[in-house]
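Comments concern the structure below.
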2 protein chains.
Amino acid sequence: MQLDYASIRQTLDFLLYDWLEVEALSRHARYAGHDRQTYGAVLDMCERLAADKFEPFNRLVDQQEPHFDGQQLHLPDCTPAACAAYAESGMLAASHDYEVGGMQLPCVVDMAANSMVSAASIALKAYSMLTAANAGLLMAHGTPAQQKAFALPQLQGRFFGTMNLSEPQAGSSLSDITTRAVPDGADHADDPLGPRYRLRGRKMWISGGEHAMGEDIVHLVLAKVPDDSGQLPAGVGGISLFIVPKILVDTEGRVTGERNDIALAGLNHKLGYRGTVNTLLHYGEQGGAIGYRVGALGAGLQCMFHMMNEARIQVGLGATMLGYAGYLQSRDYARQRPQGRPVAAGQKVVKNAQQPQVPIAEHADVKRMLLAQKCYAEGALALQLYCAKLVDTKRAGEPQQADAAQLLLQVLTPIAKSWPSQWCQEGNSLAIQVLGGYGYTRDYAVEQHWRDNRLNMIHEGTHGIQALDLLGRKLRMDGGAAWALLQAEIAQTVAAARTVSACAPWADRLATATQALQAATDAAWSSGNAQLALANATAYMTAFGHVTLAWLWLDVAVKAHAGMAAADAGQQAFLQGKLDCARYFYAYELPLVQAWLAPVMAGEGLFLEVEGRGF
Amino acid sequence: MQLDYASIRQTLDFLLYDWLEVEALSRHARYAGHDRQTYGAVLDMCERLAADKFEPFNRLVDQQEPHFDGQQLHLPDCTPAACAAYAESGMLAASHDYEVGGMQLPCVVDMAANSMVSAASIALKAYSMLTAANAGLLMAHGTPAQQKAFALPQLQGRFFGTMNLSEPQAGSSLSDITTRAVPDGADHADDPLGPRYRLRGRKMWISGGEHAMGEDIVHLVLAKVPDDSGQLPAGVGGISLFIVPKILVDTEGRVTGERNDIALAGLNHKLGYRGTVNTLLHYGEQGGAIGYRVGALGAGLQCMFHMMNEARIQVGLGATMLGYAGYLQSRDYARQRPQGRPVAAGQKVVKNAQQPQVPIAEHADVKRMLLAQKCYAEGALALQLYCAKLVDTKRAGEPQQADAAQLLLQVLTPIAKSWPSQWCQEGNSLAIQVLGGYGYTRDYAVEQHWRDNRLNMIHEGTHGIQALDLLGRKLRMDGGAAWALLQAEIAQTVAAARTVSACAPWADRLATATQALQAATDAAWSSGNAQLALANATAYMTAFGHVTLAWLWLDVAVKAHAGMAAADAGQQAFLQGKLDCARYFYAYELPLVQAWLAPVMAGEGLFLEVEGRGF
């Protein structure tokens, strides 16, 4: 059955206009050309795109995996069709400047619109997402010539883009990459497209690494430039970034027809996300692939990570929308599937077999599973949109606002990436459970959501790495300034919620949980030993994530409650649904925070004491 | 890489001989012929069977799904080979009497031996598991003639068996099945094989429902016998049980060659467990399938559920061993995969890129994921074996012991089924995470474990139904006698642990958690309203499961500690691993109990108040 886009739209509209008040963004010069009408047009367009070009093919791209016949990589026809439709929509360049063909769309609206495409087919969307991210990086860090030759053709949908970070032996530990970039002689040091190098090495997990779509594929490749003795510099400070096109291009961004020295060495056959081709690429088997350096020597990771915050929010958004899709599919199934009868009121557990069966959505435990999914998916969506709006404020706001937005964004990014990856995946499991045996078959979409979503705790920095980033860096940077700022935001919500009787008990619990998190933060670092502090980083992050979501749900609930009085019956039911989510979260989820923090508070050192080889 | 069976065996031996003291079972007449040597021989045999005939084909049966060419159902050759090897081993009849060709093996040893086969390939093993369960039911409820014609050929491996409960429109709600069984005329009322009927109806999710292995397939089918007006009786009390062979047999258990009226209507294409063919069967399309009633009219579900306790423990064991397999695979991977460096001791988060990389098993967060998996899998294995030993005591013990064992078994069965289904599946997710990107590919076994295990919260009574069974029936039956008995067992462990300084703090926490569970049990039923009590049944069961596992881990830890003094260094490291698990469980898992019980204590009625159609 088709996704209920109207349901997503209703929540998107509420979050964008009522909760985040994005119309006010128009006061910034950058977004002055926009209003609710232009935003609505973009949302409408993406909804149609999702429903027509993506969702109908989501199962097909799972079944017809990319395959290589020795000469060419084959994708089902729907893949180029979906990518072309996406490019034609203008969404690749949506957030970019008018002068490069963009819409100067706020990131928050861009993400909201894209969310429906993600829900429709995350694997089909990945090609466009990677291309936009690649172009975005070049627009931020490339020279004007690089932007013209490599970024604009991507924004126009003529070229595709990839990111090449991992190698077979180096995934989480990028400091150990061994791909080598050697200057391509003195002649090419001042190539108009940038300092020219020859690259040799292997790059693993490259999504979109090979296909016949578009005119070219622009690979952004991390590599190390050897020192005079031929040694690769140690550590991440030795990493530089290179543009390595599949087919060489001229300064006008036209393909020359000359193939670069890049070979497809293998396809990865995945558990999910099968519609996105994932490759092992060998660079320089014939002598050296031509690459043009982006940014300064040794600044490769810095350039890459400049974009990483948005990329991680994108991952979080993908995880969120898989969760949302599973929620909607299982909700709609539960409403029409008759099975069993509710327990009668009274002392004894009695069901009357003479009564007709009820839709399973009427059973308490199914309601539990639906509410949990809704709470995970809509809460995560609120988080992503909140972060996206911070990106807009950072980009277009007054300096002081922009700095604050940047700080909040830094501390929230690990949560925006990790929380939906974990909990919307749990939601996808609940969706399977709602459908029962049918959910376990490939006749329904929910099992694919579950498989697809499992990637999100792995790529773009694993779950554990997000936790180290949160507790080891983000909580401590600038003397804890980001965390202090987040606490101030939470305190504002608490204060507002205390004035609303329906929300006041939740406000008290959020205040308590935030204090507990503060105490745990102190406790974690009280030993003065980073090893011990970080040994429980994942437990800490799990708790931090739930406190963050409790805050957002409370903030959303206050807004929903405020809208009740003027709402009609249909809108009231919708708003009541948000209040029900908040109630669910505070009753069933927030209590877990104390449990996760227990080992942090206790300074539990089990993972340091136990010998890894002794399990 | 091959599973580390030696590692499983070491834990099995410890649990069987040191913890459960199964050698003492030989004091019962039924098991007098056994000792540690005969048990060891069975364990050895099953280990070889698992390593040679099952594990090497586990991926293959996932890839080469059963398919039907319109005439015949095809399975890869390894499937009949594995089933034949299992039958030849004598394990189908292992727990049955000597006089029918069995070994009179205690259930606990039978399960321990089978656990290795489950770890090797759950999907390949399902055929034999179903056949043994079918025969076991007939040995308990069939007439001597039915046993001779249908059960013995299964125990000998000549026939295969299935269980037919669900229908497309009736899964959890068996009272709504519509398969109809009509007496096959007065002539056949006293057929030597039992009262003969004609069946018409559709049966869904039938594992092993069609294939060309063996001489015959014996279907055990739930159906309703219409009353004089042709109406099917309402409720589960109207359900009877029938033997419906694929090919008719004579009284000697020889196939006559005459096909019964059963048609394969479709194959289910599943997320996992793909090596087990799963079917939709149509009975009686040509007029009526011949079936012989087992047990009394209307006693069908009673007969089926007599075996259900053991079947649910079997499901739990399957889930457990998938978790165990994932643990071993990810542990062995983590020991040999170099990546990154540990954080140095000290205030700052510093890593020295000049140092060589370490195996990922040395990273704190990877240790967390390995310890959690070990704790889930070995804890669940302890639970399954504990329950299996209760089956033995019930079968062979003195009446008073047997009654107590039966009570404990009843209250623990929902946990034995649900806890491993949930937590060993979570463990399988952690195994993927340990392997990172590689874990997400189909080149490693861990993704298949994760998919295979997802079924276990669905079949043989869903997770939610286990929770209703626990809180709605098992906790209340006989005035709470089973729960009181379990509390007495827990109290014994607490008392023993208090005398061991290493375990005493855990003893206190277990006592507190058990009291909290008692308080929550009272709170759940304090409203006098079954609807409200059961609305939080799943949260209650989750807490109950963790308390149960905390109890078992403490009991195991006490035994491990006691063994330390006389152990050599290798054995000490092994025993320390059990104590580390207990420490992990008490530090990271047990605190969750209070959080899960919070809505139970609060009498939270959200799932009753919220309108299912209003999400």
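Chain A is the first sequence line, chain B the second, and so forth, proteins listed ahead of strands; every chain is numbered from 1.
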Quick check against the 3.5 Å criterion: does [X] have a side-chain atom that pairs as donor or acceptor with the backbone of [Y]?
X: S173(B); Y: A170(B); result: no
X: R509(A); Y: L590(A); result: no
X: Q531(A); Y: V343(B); result: yes
X: D4(B); Y: S7(B); result: yes
X: N352(B); Y: Q354(B); result: yes
X: Q425(A); Y: W450(A); result: yes
X: R341(B); Y: Q355(B); result: yes
X: R454(A); Y: L271(A); result: no
X: Q339(B); Y: S172(A); result: yes
X: Q422(A); Y: M457(A); result: no

Atom CG in L475(A), atom CE in M541(A): separation rounded to 0.5 Å?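 With rounding to 0.5 Å, CG (L475(A)) is 12.0 Å from CE (M541(A)).
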Residue pair R473(A) / V349(B), side-chain heavy-atom distance below 4.5 Å: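 No - every pair of side-chain heavy atoms lies 4.5 Å or more apart.
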Looking at [options], which one has more heavy-atom pairs under 4.5 Å with chain B than the rest?
options: G346(A), G340(A), P338(A); result: G346(A)
options: S527(A), A598(A), G272(A); result: G272(A)
options: L592(A), L174(A), T538(A); result: T538(A)
options: W596(A), Y438(A), Y273(A); result: Y438(A)
options: A364(A), A533(A), G237(A), A353(A); result: A364(A)
options: A537(A), G472(A), G171(A), G439(A); result: G171(A)

For each of [options], tally heavy-atom pairs with chain A at distances under 4.5 Å, and name the one with the top tally.
options: D443(B), L371(B), V366(B); result: L371(B)
options: I432(B), L532(B), L468(B); result: I432(B)
options: G436(B), S166(B), G235(B); result: G436(B)
options: K348(B), R368(B), R337(B), H459(B); result: R368(B)
options: V593(B), D365(B), L455(B); result: L455(B)

Per-residue contact mode, [X] against chain A (heavy atom under 4.5 angstrom):
X: A602(B); answer: neither
X: Q448(B); answer: neither
X: H463(B); answer: both
X: Q594(B); answer: neither
X: Y327(B); answer: side chain
X: E609(B); answer: side chain
X: S175(B); answer: side chain
X: A344(B); answer: backbone
X: M204(B); answer: side chain
X: P168(B); answer: both
X: N278(B); answer: neither

Between [X] and chain B, with a heavy-atom cut-off of 4.5 Å, which part of the residue counts as in contact: side chain, backbone, both or neither?
X: S429(A); value: both
X: Q576(A); value: neither
X: H269(A); value: both

Salt bridge check: are R451(B) and E447(A) linked by an N-O gap of less than 4.0 Å?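 Salt bridge flag = no for E447(A) with R451(B).
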Salt-bridge test for D580(A) and K374(A): reply yes if a basic N is under 4.0 Å from a carboxylate O, no otherwise.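 No, this pair does not count.
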Y440(B) versus N268(A), side-chain donor and acceptor atoms under 3.5 Å: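 There is no such pair (donor and acceptor under 3.5 Å, judged by atom type) between the side chains of N268(A) and Y440(B).
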